[in-house]
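This report concerns only the one structure given below.
The analysis underlying the following values was restricted to heavy atoms, covering all of them including side chains, and did not include hydrogens, waters or symmetry mates. We number each residue from 1, following the sequence as shown. In listed order, ligands and their atoms are each counted from 1.
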Amino acid sequence: MSTPQPDWHERAVAATFDGRALIDGVRRDSASGETFDKHSPIDGRRLGAVARGREADIDAAVKAARTAFDDQRWAGMAPAARKKILQRFADKILAAKNELALLETLDMGKPIRYSLAVDVPATARCIAWYAEAVDKVYDEIAPTPANALALVTREPMGVVGAIVPWNYPMIMAAWKLGPALATGNSVVLKPSEKSPYTALRLAELAVEAGLPPGVLNVVPGYGPEAGEALAMHMDVDAVGFTGSTRIGRRMLDCAGRSNLKRVFNELGGKSAFVVFDDFADLKRAAETVAGSLFFNQGESCNAPSRVIVHERIADAFVELVAQQVPQYAPADPLDAGTVMGALVDETQMKTVLGYIDAGSTEGARCIAGGRRARADSGGYYVEPTVFDGVTNGMRIAREEIFGPVLSIIRFKDEAEAVKLANNSAYGLQASVWSDSLNRAHRVARALRAGTVHVNQYDEDDITVPFGGYKQSGNGRDKSLHAFDKYTELKTTWIRIDAS
Ligand code: NAD
């Protein structure tokens, strides 16, 4: 028997929102007492006041993190003990699934069904996965001559700054927190000003699970204020940043102007979805591209926003994609059946509508969508939109739109397909659809992207790395490779005398 769904509308009215920072295990107002108002993109409703963190708040959080790191209250624990606390943290996330899912949906507009079925479980799974891993990873002994023993060991960085975006607020935080905390670091997390609530609640749950005070601190605030203060801080050892390529550049600049802290950037994308004429099941390819692109309102860094399709099958493929569009019509995110919710705010909606205008002006043909939807709700919705007749030079093919807009480009042969796919400043993900094993391998090798999907999209999980080539970033989230970002490598060379 399935569990009855809560009445999400009723719960939304009763929900409470605590926007205070969490520093040294305690919720607190910003040092200046300033706040900013947070509204829901679903209907424009004011959710509450959020602490407006600035330099003083970041400094207090970094001091708490540094003290916690230096006295080894966390880093000094046996990995198995850290594991237990992080597993409890993951359990608490699952136990709070309804509360967290509702906060996420109200805060950034995604459908409640996905907050519940994707965001909460993926967050808990990520924390649990790194918890489980941390007492199973061994360091190295180098192949030295007999008169030496050389240890190659990993040590925590120290204080890690984590700056994350609003599109998957909990998951993006977990991708930093899982590996950074498991390896013994202390963390100062700066959530996006557009989606601060779940990060704050996650930190409370971590403290309840037994994470010592000061090990995880969360300071909400604006990017140029709280974010930049963290990136510029002289006592932060590394920054794990997820966000736009524009701000990723700034992260590198801040590191250069401060203490050369390590910077790991997970940035934007314009992922290619290459369909060859030897792929038989075009309907499945069309369902997949629509499902992946329109998921999360198109606000996914790895959204397959550039379809590159062989000219011989292009008309049939475009028709199949168009048939998918109606099922993604935006609707109330609090209704359990909704699959497309609201864009995060008015600014993002205007950006997306601006790109739709640019597509038409530059000569692409809008074959579906193209307009604002549900304006009378008071929220920010855009129809799922498809452009045919796109060329790779158009803005809608080159720039990350971060909304439900698909561009379709046609190619003549394999060499042209690869050239078009790689002709992008980004290199986050790509996919190749072909029934020829040789072609699938050949093209997968040729595509310059951190992840290449073959005859599927987005079916990966926490066990594999996630990150980009080129201007999509450096470093990798997920998998054991994420430990590389949050640990320093130490060599200890010991001389062994003959007697
Ligand atoms: P953004 O770059 O505007 O903001 C990201 C974070 O940086 C926010 O917390 C913001 O407050 C902060 N920030 C902004 N200005 C800052 C500054 N001057 N100094 C320090 N911090 C600052 O990005 P966004 O709009 O929140 O998110 C969307 C972007 O994130 C897209 O480009 C998307 O592709 C990318 N993204 C990438 C991945 C990935 O894993 N590669 C995952 C999700 C999102």
Open item on the list: Side chains of N265 and R249 only: does a donor on one sit below 3.5 Å from an acceptor on the other?
Closed with: no

Open item on the list: I want to confirm something. Looking only at heavy atoms, which of A229, P165, G243 is nearest to atom 35 (C) of ligand 1?
Closed with: G243

Task: Atoms of ligand 1 close to T242 [distance to a heavy atom under 4.0 angstrom, numbered from 1] - done: 5 (C), 36 (N), 37 (C), 38 (C), 39 (C), 40 (O), 42 (C), 43 (C), 44 (C)

TODO: Taking only heavy atoms of R250 into account, list the atoms of ligand 1 that are under 4.0 Å away from them.
DONE: 18 (N)

Open item on the list: I need the atoms of ligand 1 closer than 4.0 Å to a non-hydrogen atom of F466, numbered in the order shown.
Closed with: 39 (C), 40 (O)

TODO: Check each heavy atom of I247 against ligand 1 and say whether those closer than 4.0 Å belong to the side chain, the backbone, both or neither.
DONE: side chain

Open item on the list: I need the minimum non-hydrogen distance between D235 and V159, along with the two atoms involved.
Closed with: O-CB, 3.8 Å

Open item on the list: Keeping K176 on the side-chain end and V187 on the backbone end, is there a donor-acceptor pair under 3.5 Å?
Closed with: no

Open item on the list: Please list the nearest protein heavy atom to atom 23 (O) of ligand 1 with its residue and the distance rounded to 0.1 Å.
Closed with: S244 N, 3.4 Å

Task: Closest protein heavy atom (residue, atom, distance) for atom 24 (P) of ligand 1 - done: W166 NE1, 3.4 Å

Open item on the list: Could you tell me if S300 and Y168 have a donor-acceptor pair between their side chains, going purely by distance under 3.5 Å?
Closed with: yes

Task: S115 and T105: side chain donor to acceptor below 3.5 Å - done: yes

Task: Polar proximity ligand 1 side, L267 side, N/O cut 3.5 Å exclusive - done: yes

- [ ] Counting heavy atoms only, name the option from C301, G223, S300 that's nearest to atom 42 (C) of ligand 1.
- [x] C301

Task: Contact partition for E228 relative to ligand 1, non-hydrogen atoms under 4.0 Å - done: both

TODO: Inspect the contact between E383 and R371 and indicate whether a charged nitrogen and a carboxylate oxygen are less than 4.0 angstrom apart.
DONE: yes

Task: S195 and K38 side chains, donor-acceptor separation under 3.5 Å - done: no

Open item on the list: Quick check on P191 - does any of its heavy atoms sit under 4.0 Å from an atom of ligand 1?
Closed with: yes

Open item on the list: Please tell me whether Y426 and E400 have a donor and an acceptor in their side chains that are separated by less than 3.5 angstrom.
Closed with: no

TODO: State the atoms of ligand 1, each with its element, that fall below the 4.0 Å cut-off from a heavy-atom position in F402.
DONE: 28 (C), 31 (C), 33 (C), 34 (O)

Open item on the list: Checking contacts here: is it the side chain or the backbone of K194 that comes within 4.0 Å of ligand 1, counting heavy atoms only? Could be both or neither.
Closed with: neither

Open item on the list: Give the atom numbers and elements of ligand 1 that come within less than 4.0 Å of a heavy atom of G227.
Closed with: 19 (N), 20 (C), 21 (N)

Task: Heavy-atom closest contact (S30 atom, A51 atom, distance) - done: N-CB, 3.9 Å

Task: Shortest reach to atom 12 (C) of ligand 1 by a heavy atom, considering only V164, N167, I163, D477 - done: I163

Open item on the list: Between the side chains of E225 and R52, is the shortest nitrogen-to-carboxylate-oxygen separation below 4.0 Å, so that they form an ion pair?
Closed with: yes

Open item on the list: Tell me whether the rings of F402 and W166 are parallel (<30°), tilted (30 to 60°) or perpendicular (>60°).
Closed with: perpendicular

Task: Location of contacts on R246 toward ligand 1, heavy atoms closer than 4.0 Å - done: neither

Task: Closest approach of any protein heavy atom to atom 32 (O) of ligand 1, naming residue and atom - done: E400 OE1, 2.5 Å

Open item on the list: Any atom of ligand 1 sitting under 4.0 Å from a heavy atom of Y168?
Closed with: no

TODO: Determine whether the side chain, the backbone, both or neither of M172 has a heavy atom under 4.0 Å from any heavy atom of ligand 1.
DONE: side chain

Task: Test: E204 and R27 ion pair at under 4.0 Å - done: yes

TODO: Return a yes/no value for E193: is any of its N or O atoms, backbone included, closer than 3.5 angstrom to an N or O of ligand 1?
DONE: yes

